[in-house]
Amino acid sequence: QRKNAKPAGIYDIYMEKINESQTQIFGHKNVSIDANCIVKLNYKNWPGNNFSLPITLRCEGKDKSLDLMDMTDEMPRD
């Protein structure tokens, strides 16, 4: 195990993509991420509201691609 290892966890992802004409919102609950993984949110390729978001998990040098379903309507509002 690496000296600065990060523990595995369950995470909620929430983001807003803002441009000149609109704000688009994405949310997904309970994303399981293994220890020492790096997560890349491919928001550039995300079409917008109500579409899945492609992500890449890089764990121990291996990439795994996933599409997360938009669950914004099910997430709590602050």
Side-chain angles (χ1 to χ4, degrees):
Q1 185 168 347
R2 288 191 257 173
K3 182 178 177 183
N4 296 322
K6 302 293 183 201
I10 305 291
Y11 299 89
D12 293 345
I13 296 173
Y14 179 87
M15 71 171 199
E16 295 180 359
K17 183 178 180 182
I18 302 169
N19 64 26
E20 301 80 30
S21 60
Q22 63 184 337
T23 298
Q24 299 178 69
I25 300 171
F26 177 86
H28 191 92
K29 295 172 22 175
N30 301 320
V31 179
S32 178
I33 301 174
D34 292 336
N36 293 317
C37 288
I38 297 169
V39 179
K40 178 182 175 187
L41 304 175
N42 300 314
Y43 65 88
K44 181 179 178 184
N45 296 326
W46 176 55
N49 292 334
N50 301 314
F51 285 93
S52 63
L53 173 70
I55 70 167
T56 302
L57 297 174
R58 173 163 280 197
C59 305
E60 298 180 9
K62 296 180 182 176
D63 288 348
K64 179 180 178 181
S65 296
L66 301 171
D67 282 325
L68 299 181
M69 183 179 74
D70 186 4
M71 299 174 68
T72 305
D73 293 339
E74 300 170 32
M75 298 186 77
R77 304 268 190 231
D78 289 337

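Values below: all heavy atoms of this structure, side chains included; hydrogens, waters and symmetry mates excluded. Quick caveat: nothing in here was measured; it's all calculated off a predicted structure.
- Residues L68 and F26 form a side-chain contact, since some pair of their non-hydrogen atoms from C-beta on lies under 4.5 Å apart.
- Only one option out of L57, I55, T56 pairs with K40 in a side chain to side chain contact (heavy atoms under 4.5 Å, CB included); it is T56.
- Within the model, atoms CG of L41 and NZ of K17 stand 12.0 Å from one another, a figure rounded to the nearest 0.5 Å.
- Within the 4.5 Å cutoff, side-chain heavy atoms of M69 are placed close to those of M71.
- The shortest side-chain heavy-atom distance between S32 and I10 falls under the 4.5 Å cut-off.
- What you find for N45 and P54 is that their closest heavy atoms are CB-CG, 4.3 Å.
- Side-chain contact between N49 and Q22 is absent, with no heavy-atom pair separated by less than 4.5 Å.
- Here N42 contributes atom CG and L66 contributes atom CG; the two are 10.5 Å apart, rounded to the nearest 0.5 Å.
- Two residues are said to be in side-chain contact when any heavy atoms from C-beta on lie closer than 4.5 Å; D12 and V31 fail this criterion.
- Hydrophobic clustering (side-chain heavy atoms under 4.5 Å, transitive across Ile, Leu, Val, Met, Phe, Trp, Tyr) keeps I38 apart from I13.
- Interatomic distance, CD of Q24 versus CH2 of W46, reported as 5.0 Å (0.5 Å rounding).
- When all heavy atoms are compared, the tightest approach of S52 to P47 is O-CD, 4.2 Å.
- Counted within 6.0 Å of OH on Y43, heavy atoms from surrounding residues, nucleotides or ligands total 12 or fewer; the atom is thus considered open.
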